[in-house]
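See below for the structure under consideration.
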Amino acid sequence: MKKLINKPEDVVREELEGIAYAHSDLVKVHFDPNFIVRADAPVQGKVAVISGGGSGHEPMHGGFVGMGMLDAACPGAVFTSPTPDQMLEATKAVNGGAGVLHIVKNYTGDIMNFEMAADLARAEGIEVEAVVIDDDVAVKDSLYTAGRRGVGTTVLAEKLCGAAAEQRRSLKEVADVCRKAKELGRSMGMALTSCTVPHVGKPTFDLPEDQMEIGIGIHGEPGRTRLPLKSADEIVEMLMEPIVSDLPYKAGDEVLLFVNGMGGTPLIELYIVYRKAYEIATKHGLKVVRNLIGSYITSLEMAGTSITLLKMDDDFLKLWDAPVKTPGLRWGV
Amino acid sequence: MKKLINKPEDVVREELEGIAYAHSDLVKVHFDPNFIVRADAPVQGKVAVISGGGSGHEPMHGGFVGMGMLDAACPGAVFTSPTPDQMLEATKAVNGGAGVLHIVKNYTGDIMNFEMAADLARAEGIEVEAVVIDDDVAVKDSLYTAGRRGVGTTVLAEKLCGAAAEQRRSLKEVADVCRKAKELGRSMGMALTSCTVPHVGKPTFDLPEDQMEIGIGIHGEPGRTRLPLKSADEIVEMLMEPIVSDLPYKAGDEVLLFVNGMGGTPLIELYIVYRKAYEIATKHGLKVVRNLIGSYITSLEMAGTSITLLKMDDDFLKLWDAPVKTPGLRWGV
Amino acid sequence: MPVSRDDVLAWITAIASVLAENKNYLTELDAAIGDADHGANMDRGFKAVMNKMPEIRDKDIGTIFKTVGMTLLSTVGGAGGPLYGTLFLQAGMKTAGKMEMTAQDWAEALEAALNGVVMRGKAEPGDKTMVDALTPALSVYKQAIAEGQPLHIALQRSAEAARQGMESTIPLVARKGRASYLGERSAGHQDPGATSSYLILNAAAQTWKNSA
Amino acid sequence: MPVSRDDVLAWITAIASVLAENKNYLTELDAAIGDADHGANMDRGFKAVMNKMPEIRDKDIGTIFKTVGMTLLSTVGGAGGPLYGTLFLQAGMKTAGKMEMTAQDWAEALEAALNGVVMRGKAEPGDKTMVDALTPALSVYKQAIAEGQPLHIALQRSAEAARQGMESTIPLVARKGRASYLGERSAGHQDPGATSSYLILNAAAQTWKNSA
Ligand SMILES: Nc1ncnc2c1ncn2[C@@H]1O[C@H](COP(=O)(O)OP(=O)(O)O)[C@@H](O)[C@H]1O
Ligand SMILES: Nc1ncnc2c1ncn2[C@@H]1O[C@H](COP(=O)(O)OP(=O)(O)O)[C@@H](O)[C@H]1O
Ligand SMILES: [Mg+2]
Ligand SMILES: [Mg+2]
Ligand SMILES: [Mg+2]
Ligand SMILES: [Mg+2]
């Protein structure tokens with residue numbers, strides 16, 4: 001295992017210490033339980049937006065704490081949902097009296113831990129709404145299964161909800177923004193390599209030099225299918241077609257195109273992916289009016305990419321363009 | 001070779017097409033010869049700041065074109081300095097009548113190609129100054145050698161010079177900022193893995209599971225020494241000691257601490273590196289007043305990190321904090 | 001002999017050591033169809049439980065179970081944390097104030113525990129989860145004591161049923177949890193949660209060998 | 001027979017094919033002590049030169065060399081581009097307007113070429129660069145024609161000297177170019193630029209076999 005770490009069991013704590021040293025102007029880091037809140041939390045009268053999940057997806061979520069995005073993030077162990085007490089403490093720390101939105105990615109663990117935290121917070125008199133993001137079109141959905149995973153749309157929803165909360169929209173309105181993002185966002189991902197969970201010490205799966213995994217999530221898990229390695233253009237087609245055909249898009253619609261790296265993919269490759277994704281979107285008559293290109297929701301050092309399309313409207317455009325000041329995403333301020 | 005690319009010979013062109021699709025609000029991309037200029041170039045009356053180098057270091061340099069940083073960037077083939085005609089055309093395209101600064105990294109190829117371009121531009125009546133960055137303390141310097149490589153300080157110098165140019169400082173003054181950054185910045189890097197140049201198709205060097213390279217540059221070249229793999233804290237010590245001991249720092253000095261990923265290193269590891277680097281800097285009495293953490297000057301998908309320390313003063317602080325609006329670095333606007 | 005408070009503590013200690021021994025095994029099972037953390041998660045949780053030992057050493061069985069449940073909830077995370085946390089919390093509710101458990105008490109505790117897991121996770125037998133090990137373990141246990149078998153025999157049969165339930169997950173296509181994302185590819189692998197459930201119940205059968 | 005315009009074009013074509021054949025070899029040499037691009041750079045450059053063939057087919061030797069130099073300058077990049085670009089540009093200055101070259105013309109062209117490379121790169125013999133191949137090639141060539149040898153013999157000796165010069169770079173510790181960053185680790189590897197210089201000069205010896 002080749003990593004810039006010390007002991008596997010210290011990875012999350014030391015990462016948080018690094019964040020605390022680096023971004024004390026933007027965030028405060030709390031240890032035991034672990035959570036990150038924006039430096040000026042709680043903001044009185046503002047809905048607080050919280051997310052959380054396993055570590056190993058950096059900058060998500062901790063890197064998105066700050067003005068215009070998240071009020072708090074709860075990092076679990078690597079690839080392991082955080083615990084209810086973390087979420088509860090974070091919820092209490094950022095509650096400014098206007099209620100708290102939990103943005104949850106659809107994983108059994110995340111759902112259950114967040115639900116328990118929300119119940120506990122409500123028992124303490126805090127108004128909590130939870131919205132579950134489930135945008136991964138690689139996963140077949142049905143009433144009898146765990147449903148689709150929450151992936152790329154989460155990053156976009158956090159930005160949009162953060163902006164809506166800054167405008168002092170009500171908890172219901174901010175939650176509506178999140179539900180709309182959930183409805184209008186679709187993603188799919190692929191891996192060129194596996195990743196290595198630090199305490200495991202070897203790759204989660206073996207992927208020969210000439211093979212790739214299509215339809216992966218963000219936890220280093222194998223994907224839906226293993227296929228012979230293809231060119232970037234062919235790979236992008238495999239990702240874009242299920243996304244476009246799943247969404248009720250029509251020609252002329254405006255979209256945000258998010259090309260994400262899985263952690264070990266260099267930017268030069270992401271632009272090659274973006275090029276083809278943009279051309280396919282355009283071919284379908286979609287107007288790409290905004291984009292995000294970079295490694296924002298990752299699986300440790302996995303090489304690979306995911307693509308997210310989010311349908312935009314005037315409100316979403318304004319919320320997207322609104323100022324944001326976090327370690328991982330910043331503009332307008 | 002596992003990469004999200006099509007044909008190796010199309011990598012740079014397709015990357016540039018992706019950038020053109022993605023950032024038409026910020027930059028214009030010119031093909032044959034290849035260069036990227038800010039969308040509003042030339043800015044009349046402003047000194048233009050240009051850099052360039054081989055591709056494969058993204059976001060450097062193309063990602064740093066825009067208001068407050070570079071006026072133009074010239075990408076060569078992967079790891080190959082651009083040619084004089086590229087630099088000349090870019091120089092002409094951004095010349096706003098106040099002169100042009102070439103920020104050059106100290107590599108034989110870059111030096112020679114930039115020199116020829118500067119000569120050609122001067123022959124066409126454009127005032128050109130060139131400053132060579134050579135901040136890599138891994139390389140022993142002497143009168144008889146090519147000298148130190150230019151690495152991390154380049155990114156910082158581009159930001160500082162871009163801000164100085166926005167203030168309408170003169171060519172000499174902007175070049176002075178660059179020379180000062182060159183004097184006050186020191187870097188050192190290491191690799192956990194090699195990288196694969198696309199047209200070569202296999203890693204530039206073999207690095208066994210339990211070994212690392214210390215003192216690497218940014219072209220996938222082997223480093224000064226190969227050593228058994230160490231913990232993150234030990235590695236950071238190996239990088240920080242030569243940096244701190246090379247610079248005429250003294251306790252109480254203010255510094256910018258830049259922890260850079262080589263392309264395949266996830267952010268979670270960079271924060272663990274930052275944590276130790278910050279502690280060592282602090283132990284030496286240095287005050288870390290600004291930082292930059294992320295993959296900004298890379299070697300394709302190489303896993304590894306480099307650390308840069310730049311001594312700051314009031315002018316540098318103001319220049320650093322000034323607004324910047326580029327695909328790769330953005331704040332204040 | 002009914003199961004004493006000390007027997008319960010011995011069981012918890014046995015769980016901690018069997019999970020530590022099987023940490024890599026559970027993680028490997030999870031790597032195949034999940035995210036390679038089940039072993040580390042459970043081990044971290046029960047190590048934290050062991051740190052709580054001093055403060056529960058003289059408590060009633062309900063308090064012991066509740067403390068185990070709360071500790072797992074706040075240290076395991078993932079799916080395992082809330083599920084095993086709930087399992088022990090529910091068992092703790094049924095055994096509140098008790099200093100020992102009869103065979104019938106354990107039937108009720110186990111039933112409450114399983115119901116808690118099902119309520120939390122909404123999995124049904126056949127979904128390829130820990131429920132596939134816990135469900136037959138409960139019904140076989142109840143049947144055995146209905147037949148008048150002593151507790152230790154009922155426990156042995158119950159553990160054996162859990163083992164079979166665990167193995168029955170191998171051919172299944174997962175419908176719940178992370179393995180469900182793999183679709184058909186999840187078939188042919190044993191579920192890690194069903195495996196940890198078997199290990200936990202088997203530890204009871206091993207530890208309470210002399211109970212009746 | 002002096003070297004004709006057509007001989008020069010044949011040499012350029014021979015360089016293009018020998019560099020294409022040795023693309024991977026040169027890149028591997030560069031991977032060991034540089035950045036693994038020398039083969040690809042030279043091949044890209046001479047492929048571009050071949051595309052210019054139609055427009056130089058009927059030009060004088062000086063124009064041919066200058067076109068080769070300009071094309072290398074604008075397509076090779078790296079250290080190789082300006083160095084080989086300068087080499088051919090300087091050779092072109094010396095042969096401006098010439099439709100053929102005598103043995104003495106080639107001595108002057110090669111001398112100007114080497115001087116151009118040294119002026120640009122500021123490397124000395126022993127720095128582990130292409131200068132280590134070019135320098136002995138020039139002096140052996142001059143010595144041979146001073147002895148009254150015909151051009152093709154002088155060229156053969158010159159190419160052999162370049163080969164020895166190339167091999168002499170193996171034990172050297174690099175002081176110039178990218179290999180210098182490796183310090184002591186650069187010893188034990190043959191310099192890629194010295195190798196391409198040998199291949200280029202050897203192509204002349206092979207192509208101009210019948211010249212005198
Ligand atoms: N909805 C559910 N109901 C019951 N058990 C479940 C459910 N979802 C997952 N599990 C169990 O949890 C186990 C995985 O636990 P763990 O690896 O700790 O969590 P995670 O999947 O969050 O990484 C699975 O093997 C399965 O037995
Ligand atoms: N200063 C110099 N003078 C002469 N030749 C040099 C000099 N620096 C480098 N070279 C030659 O250039 C070769 C490398 O060329 P190339 O790989 O194309 O460029 P780069 O080093 O920029 O990648 C070296 O092998 C060496 O022979
Ligand atoms: Mg998990
Ligand atoms: Mg090069
Ligand atoms: Mg798991
Ligand atoms: Mg090279």
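Residue numbering restarts at 1 for every chain, and letters A, B, ... go by the order of the sequence lines.
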Bottom line for B:D85: the part with an atom under 4.5 Å from chain D's heavy atoms is side chain
The interface call for B:F205 against chain D, heavy-atom contacts under 4.5 Å, is neither
Determine whether more than 12 heavy atoms belonging to other residues, nucleotides or ligands lie under 6.0 Å from atom CE of B:M238. yes
For B:T83 and D:G77 the tightest heavy-atom approach is CG2-N, 3.6 Å
(request) Take B:E115 and D:R120 through the salt bridge (Lys or Arg N to Asp or Glu O under 4.0 Å) test and state the conclusion after the steps. (result) CA-CA 10 Å; B:E115 258 174 17; D:R120 229 342 92 244; 3.5 Å; yes
To the nearest 0.5 Å, atom CG of D:D30 lies from atom NE2 of B:H219 at 11.0 Å
Nearest heavy-atom approach of D:R44 to B:A77 is NH1-CB, 3.7 Å
Q.
Does B:M1, at its CE atom, have more than 12 non-hydrogen atoms belonging to other residues, nucleotides or ligands within less than 6.0 Å?
A. yes
All heavy atoms of D:A31 vs all of B:P222, minimum pair found to be O-CD, 4.0 Å
Under 4.5 Å to a heavy atom of chain D? For B:T225 that would be backbone
More than 12 non-hydrogen atoms from neighbouring residues, nucleotides or ligands closer than 6.0 Å to CG on B:D206, yes or no?
-> no
In terms of heavy-atom pairs under 4.5 Å with chain B, the winner among D:A36, D:G81, D:S74 is D:S74
Do B:M112 and D:T86 touch side chain to side chain, with heavy atoms closer than 4.5 Å? no
Taking every heavy atom of D:S180 against every heavy atom of B:R224, the minimum-distance pair comes out as O-NH1, 4.0 Å
So, the part of D:E28 with a heavy atom under 4.5 Å from chain B: the answer is side chain
Tightest non-hydrogen contact, residues B:N113 and D:G78, listed as ND2-O, 2.8 Å
Query - NZ/NE/NH1/NH2 to OD/OE distance under 4.0 Å, D:R185 and B:E213 - result: yes
Under 4.5 Å to a heavy atom of chain B? For D:A123 that would be neither
So, the part of D:T27 with a heavy atom under 4.5 Å from chain B: the answer is side chain
When the 4.5 angstrom heavy-atom criterion is applied to B:N34 and chain D, the contacting part is neither
For the backbone of B:G220 and the side chain of D:D35, can you confirm whether one donor and one acceptor N or O come within less than 3.5 Å of each other?
no
Scanning both residues in full, the closest heavy-atom pair of B:E221 with D:Y181 reads OE2-CD1, 4.5 Å
Query - More than 12 heavy atoms of other groups within 6.0 Å of D:K94 NZ - result: no
When the 4.5 angstrom heavy-atom criterion is applied to D:N41 and chain B, the contacting part is side chain
